[in-house]
Amino acid sequence: MDSSILIATILDWHSEIDRNLPWKYNSSPYKIWISEIILQQTQVVQGLRYYERFVDRYPTVHDLASSTESDLLKVWEGLGYNSRARYLHQSAKRIVDEFGGKFPVEYSDILSLKGVGDYTASAISAFAYEQPHVAVDSNVERWVSRYYGIASYKSSQSLKTEVKSILLPVVEKHESPAECNQAFIDFGALVCTAKQPKCIDCPLSQTCYGYAQSKTADYPLVKPKVPRKKRYFHYLVAVDNGHVVINKRLNKDIWQGMHEFPLYESDSLQDLTHQDLCRYFDINESTSIESIISYQQILTHRIIIGKFYLCKLKRGTVKIGQWMSVDQVKKIAVAGIVRLYLADNMFIFNDINKIENGK
DNA sequence: AATACGTGGGC
DNA sequence: TGCCCAAGTAT
């Protein structure tokens with residue numbers, strides 16, 4: 001089928017779709033930018049509430065720029081890939097400083113923002129400014145690769161280039177690049193889904209290569225995944241009268257900028273011995289460990305095993321971090337594995353006697 | 001080009 | 001339960 005007829009079919013299908021997403025129509029470039037960043041590698045249902053909270057808290061780029069990275073990470077907590085939040089703050093400051101607070105219009109300027117790659121720059125250009133760009137995300141490359149039987153790898157540059165070469169000429173001729181892109185994405189998200197595509201209801205099935213060959217599951221190609229490496233995080237949960245010792249993660253590593261307890265990382269599942277704890281955390285040998293609790297968190301490329309060693313220390317005698325109260329801890333963004341621990345163990349902030357009584 | 005970066009939902 | 005997937009980007 002000629003690609004222009006193909007696109008006309010999809011636009012026709014899309015004319016009866018209304019997903020009613022808050023960033024869809026008459027949104028500012030700023031809000032479209034926020035929505036696109038939040039939606040990177042994130043399902044719409046998962047990002048929706050974060051988007052609402054985010055624009056409520058930072059209605060303009062000025063509000064975002066004058067915020068702090070720590071505040072931003074707290075709003076972002078639980079969403080994942082938090083470098084997105086750090087880059088958002090960085091870019092907001094740049095927009096205020098270098099673009100006079102006005103969101104850039106030129107594709108090259110938009111692309112130059114940290115955290116904005118080709119997909120996001122294209123999406124903003126099309127949705128906010130009706131410029132002829134194609135935002136190729138996983139939805140779009142999936143249906144195009146299935147329809148034409150393009151044997152390229154998922155997310156590969158070659159597939160993106162191929163998809164663009166097919167769709168861009170059509171978008172350039174159409175009056176609304178925004179409408180085209182929304183239709184392309186929605187079609188992949190709602191009809192040509194990753195699992196169990198709705199070929200029965202698909203307006204393109206009769207001319208679809210993947211459907212004809214019963215090979216929709218084979219496109220696009222997927223590379224074998226590398227096994228996840230395990231990392232063992234040993235945390236000293238040092239408490240004293242409603243306070244606990246906290247550090248901020250500053251290295252270029254997972255959970256950068258987020259908070260945790262004093263950490264020692266090892267390469268084995270073995271519990272740290274009392275001697276190890278004394279050495280690594282500089283605590284007195286008479287300090288007793290109240291409990292050792294383990295949590296596990298599975299990430300895309302890692303499995304984090306967190307072990308939490310609870311003990312009582314005297315505030316002021318410890319230099320391995322900053323003492324914080326419950327209220328302070330509730331206001332900071334914490335690393336995922338620490339969040340798991342705290343969800344079950346908030347009793348550590350109760351007074352010492354209650355902990356001794358085992359409650 | 002390959003790898004790292006989070007988290008939650010679906011089956 | 002274990003595995004796949006998600007409106008990708010930076011290095």
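Only a predicted model underlies this, so the values are computations on that prediction, with no experimental measurement involved. In what follows, every chain begins at residue 1, and chains take the letters A, B, ... in the order their sequences are listed.
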Original post:
So, for A/Phe103 and A/Trp33, is the gap between ring centers shorter than 6.0 Å?
Top reply: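 Close enough - the centres of the two rings lie under 6.0 Å apart.
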
**OP:** Report yes if the distance between the aromatic ring centroids of A/Tyr148 and A/Tyr219 is under 6.0 Å, otherwise no.
**Re:**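 Between A/Tyr219 and A/Tyr148, which both carry aromatic rings, the centre distance is not below 6.0 Å.
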
Using a cut-off of strictly less than 4.0 Å, decide whether [X] has a side-chain nitrogen or oxygen near OP1 or OP2 of [N].
X        : N     : result
A/Arg86  : C/dT9 : no
A/Gln41  : C/dG8 : yes
A/Arg84  : B/dC5 : no
A/Lys154 : C/dG8 : no

Original post:
Is it true that A/Glu260 and A/Arg249 have a side-chain N and a carboxylate O under 4.0 angstrom from each other?
Top reply: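 Result for this pair is yes, salt bridge flagged.
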
Distance in angstrom units between [X] [atom1] and [N] [atom2], rounded:
X        : N     : atom1 : atom2 : answer
A/Asp118 : C/dT9 : CG    : P     : 7 Å
A/Ile303 : B/dA4 : CD1   : C1'   : 15 Å
A/Leu113 : C/dT9 : CG    : C1'   : 13 Å
A/Ile254 : C/dT9 : CD1   : C1'   : 17 Å
A/Leu340 : B/dG6 : CG    : P     : 14 Å
A/Ile124 : C/dT9 : CD1   : P     : 10 Å
A/Ile34  : C/dA7 : CD1   : C1'   : 15 Å
A/Lys223 : B/dT3 : NZ    : C1'   : 11 Å

**OP:** Using heavy atoms to find the nearest nucleotide of DNA chain B for A/Ser158 and A/Tyr50 separately, return the residue whose nucleotide is more 5′.
**Re:**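 Comparing both residues, the 5'-ward one is A/Ser158.
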
**OP:** For A/Gln297 and for A/Ser156, find the nucleotide of DNA chain B with the closest heavy atom, then tell me which residue's nucleotide is more 5'.
**Re:**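 The answer here is A/Ser156.
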
Looking only at side-chain atoms of [X], point me to the closest of [options].
X        : options              : result
A/Tyr81  : B/dG6, C/dA7, B/dT7  : B/dG6
A/Asp253 : C/dA6, B/dC5, C/dA7  : B/dC5
A/Tyr119 : C/dA7, C/dC4, C/dA10 : C/dA7
A/Thr120 : C/dA7, C/dT9, B/dG6  : C/dT9
A/Gln46  : B/dG8, B/dA2, C/dC5  : B/dG8
A/Lys225 : B/dG6, C/dG8, C/dC3  : C/dC3
A/Arg142 : C/dA6, B/dC5, C/dT11 : C/dA6
A/Arg302 : B/dC5, C/dA6, C/dA7  : B/dC5
A/Trp255 : B/dG6, C/dT11, C/dA7 : B/dG6
A/Ser138 : B/dT7, C/dA6, C/dT11 : C/dA6

Original post:
Can you tell me if NZ on A/Lys198 sees more than 12 non-hydrogen neighbours from other groups inside 6.0 Å?
Top reply: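 Correct, the count exceeds 12.
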
Subject >> Nearest-Å distance once atom C1' is located in both C/dC4 and B/dG6 >> reply: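 Straight-line distance between the two C1' atoms is 15 Å.
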
Original post:
With rounding to whole Å, what would you report as the distance between B/dA4 and C/dA7 at their P atoms?
Top reply: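 Going atom to atom, P in each nucleotide, I get 24 Å.
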
Subject >> Stepwise side chain to side chain donor-acceptor pair (under 3.5 Å) check, A/Asn284 with A/Thr287 >> reply: CA-CA 6 Å; A/Asn284 194 291; A/Thr287 305; 5.1 Å; no

**OP:** Report whether A/Ile305 and A/Leu299 are members of the same hydrophobic cluster (ILVMFWY, side-chain heavy atoms less than 4.5 Å apart, transitive linking).
**Re:**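 No; tracing contacts between hydrophobic side chains, which count when under 4.5 Å, never links both residues.
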
**OP:** Would you kindly check whether a donor in the side chain of A/Lys195 faces an acceptor in the base of C/dC5, or vice versa, at under 3.5 angstrom?
**Re:**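 Counting by modelled atom types and ignoring angles, no donor-acceptor contact under 3.5 Å is found here.
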
**OP:** Report the residue (A/Arg19 or A/Lys252) whose heavy-atom-nearest nucleotide on DNA chain C is the more 5′ of the two.
**Re:**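 Between the two, 5'-proximity favours A/Arg19.
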
Original post:
Which sits closer to the 5' end of DNA chain C, A/Gln43 or A/Val116, going by the nucleotide each is nearest to?
Top reply: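 Its nearest nucleotide lies further toward 5', so the answer is A/Gln43.
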
Original post:
Contact class for A/Gln182 vs. all strands (heavy atom < 4.0 Å): base, sugar-phosphate, or nothing?
Top reply: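 Base contact.
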
Original post:
Contact class for A/Ala194 (heavy atom, under 4.0 Å): base, sugar-phosphate, or nothing?
Top reply: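 Contact class for A/Ala194: sugar-phosphate only.
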
**OP:** Decide yes or no on side chain to side chain donor-acceptor pair (under 3.5 Å) for A/Glu162 and A/Ser152, but give the supporting numbers first.
**Re:** CA-CA 9 Å; A/Glu162 176 96 22; A/Ser152 296; 5.8 Å; no

